[in-house]
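To start, the structure itself, in structure tokens.
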Amino acid sequence: MKIDQVSDSVYAVAGTNVNWALVTSGSGVTLIDAGYFGDTADVLKSVREIGHSLDDVAAVLITHAHLDHIGAIPTLVEKIGMPVYTGAAEVPHARREYLEQITPKEMLRQLTNPAGRRWVTQTMVAVRGRMDIRIPSVVSADDVVLPAGLTPIPTPGHTTGHTAYFLADEGVLFSGDALVTGHPLSRRSGPQILPAVFNHDEARTLDSAKLLENHAARTIVPGHGPSIHMNPESA
């Protein structure tokens with residue numbers, strides 16, 4: 001786990017090939033995404049590392065319901081009972097009324113090269129047999145006032161209901177997997193979309209990525225890869 005403070009109230013945390021973020025507001029903390037199940041201890045530890053207790057977690061916001069973004073949520077709900085929000089179209093996905101995710105067969109195809117083999121091995125360890133995670137308590141972020149002044153931005157494509165979040169006061173955009181800056185299966189660094197195998201709708205993923213790249217954010221905290229500073233002249 002690696003924690004970087006990217007603005008006054010935002011901490012970006014790198015876990016097992018995936019990121020989550022912590023946004024502080026007064027005495028509370030909002031968690032954006034929650035790593036793999038195998039990252040659960042680090043998710044909890046990251047809250048404490050920035051000087052808060054678990055009881056300070058006011059809410060969890062999910063960009064989308066892939067296993068690498070919801071892993072610690074069942075434990076958090078059990079320990080704290082805080083609300084969990086995501087985009088309205090993603091709610092049934094998080095509840096597992098349907099599933100949009102890389103299939104076992106598609107994962108096996110990644111074993112043909114060293115980078116793919118490393119990623120599959122790391123992923124299977126991080127999932128630790130918990131392929132069945134669902135979030136029955138999740139509700140729509142579109143119907144409430146979110147904590148810390150965060151606002152949802154619909155960014156469909158990677159999943160049908162993928163949602164980014166914007167912290168306007170500090171110009172921080174949480175882009176989830178609609179726009180990333182790196183991934184173990186990508187040879188590129190910098191703003192990009194994930195490899196096609198991960199995207200439910202490639203064309204809509206590209207459209208959402210362009211929307212976020214052109215956003216008036218000063219900092220982008222992605223679901224994969226390092227955070228980046230945009231439009232530095234406006235900072």
Side-chain angles (χ1 to χ4, degrees), residues 1-4 12-21 31-46 62-75 90 93-94 96 98-135 155-162 164 174-206 208-209 212 220-228:
M1 179 182 68
K2 181 176 182 293
I3 303 176
D4 290 312
V13 189
T16 305
N17 296 325
V18 69
N19 304 328
W20 60 91
L31 176 66
I32 301 178
D33 288 335
Y36 283 103
F37 174 74
D39 289 313
T40 297
D42 280 341
V43 172
L44 274 56
K45 182 180 177 182
S46 68
I62 305 171
T63 60
H64 64 294
H66 282 166
L67 289 173
D68 55 338
H69 293 259
I70 64 172
I73 294 177
T75 298
E90 193 71 2
H93 187 208
R96 288 303 184 256
Y98 66 86
L99 181 63
E100 296 174 348
Q101 188 160 276
I102 186 171
T103 66
K105 184 180 291 186
E106 288 168 333
M107 286 192 73
L108 287 173
R109 291 175 185 154
Q110 310 310 313
L111 298 174
T112 58
N113 62 79
R117 288 192 289 274
R118 282 194 299 273
W119 176 79
V120 170
T121 299
Q122 291 165 350
T123 299
M124 296 310 296
V125 171
V127 171
R128 296 183 186 178
R130 287 301 310 273
M131 301 287 289
D132 60 341
I133 291 178
R134 63 187 67 204
I135 314 298
T155 44
H158 181 66
T159 64
T160 296
H162 189 288
F174 303 90
S175 60
D177 286 6
L179 180 68
V180 303
T181 61
H183 189 272
L185 299 186
S186 173
R187 297 180 180 179
R188 297 176 51 208
S189 59
Q192 60 188 283
I193 65 171
L194 285 170
V197 69
F198 296 113
N199 300 321
H200 178 68
D201 185 322
E202 187 83 350
R204 297 185 81 191
T205 303
L206 284 166
S208 290
L212 296 182
I220 295 179
V221 179
H224 302 271
S227 300
I228 56 173

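Just so you know, residue 1 is the first one in the sequence shown, and it goes up from there.
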Verdict with supporting geometry, H224 and H69, ring pair (Phe, Tyr, Trp, His ring centres under 6.0 Å): CA-CA 10 Å; H224 302 271; H69 293 259; 5.6 Å; yes
Euclidean distance, R130 CZ relative to T40 OG1, rounded to 0.5 Å: 8.5 Å
Under 3.5 Å: donor-acceptor pair, side chain of S189, backbone of G182: no
Counterpart residues, side-chain hydrogen bond (donor to acceptor under 3.5 Å, both in side chains), relative to K2 (two or more places apart): D4
Sole candidate of D201, N199, T205 that passes side chain to side chain donor-acceptor pair (under 3.5 Å) when paired with H158: N199
Reported NE2-to-NE2 distance for the pair H93 and H66, which is rounded to 0.5 angstrom: 5.0 Å
Within the 6.0 Å centroid threshold, strictly below: F198 and H183: yes
Residues in side-chain hydrogen bond (donor to acceptor under 3.5 Å, both in side chains) contact with Q192, at least two apart in sequence or another chain: S186
For the student: nearest non-hydrogen atoms of P222 and L179, plus distance: CB-O, 3.5 Å
Criterion side-chain contact (heavy atoms from CB on, under 4.5 Å) on V13 and N19, from CA distance to verdict: CA-CA 5 Å; V13 189; N19 304 328; over 6 Å; no
Any W20 side-chain heavy atom under 4.5 Å of D42 side chain: yes
Side-chain heavy atoms of F37 within contact of V127, under 4.5 Å: no
Worked check of side-chain contact (heavy atoms from CB on, under 4.5 Å) between I133 and L67: CA-CA 7 Å; I133 291 178; L67 289 173; 4.1 Å; yes
Salt bridge (Lys or Arg N to Asp or Glu O under 4.0 Å): pairs with one or both residues in residues 115-129, sequence neighbours excluded: none
Shortest non-hydrogen contact between A209 and A178, atoms and distance: CB-O, 3.4 Å
Shortest non-hydrogen contact from G35 toward V18: CA-CG1, 4.0 Å
Side-chain heavy-atom pair T155, L212 within 4.5 angstrom cut-off: yes
I32 side chain reached by V221 side chain, heavy atoms, under 4.5 Å: no
Side chain D39, main chain G71, donor-acceptor under 3.5 Å: no
Polar side chain donor-acceptor pair, E90 to T159, under 3.5 angstrom: yes
Side-chain heavy-atom pair Q110, V197 within 4.5 angstrom cut-off: yes
Nearest-0.5 Å distance that lies between atom CD1 in I70 and atom CG in D33: 9.5 Å
Point-to-point distance, once rounded to the nearest 0.5 Å, from CE of M107 to CD1 of I102: 6.0 Å
Between CZ on residue R96 and CZ on residue R134, distance to nearest 0.5 Å: 8.0 Å
Worked check of side-chain contact (heavy atoms from CB on, under 4.5 Å) between S46 and I3: CA-CA 7 Å; S46 68; I3 303 176; 4.1 Å; yes
Flag side-chain contact, heavy atom, 4.5 Å: D68 against N17: no
Inter-residue atom distance T181.OG1 - I228.CD1, 0.5 Å rounding: 6.0 Å
Heavy-atom closest pair, residues T16 and Y36: O-CE1, 3.2 Å
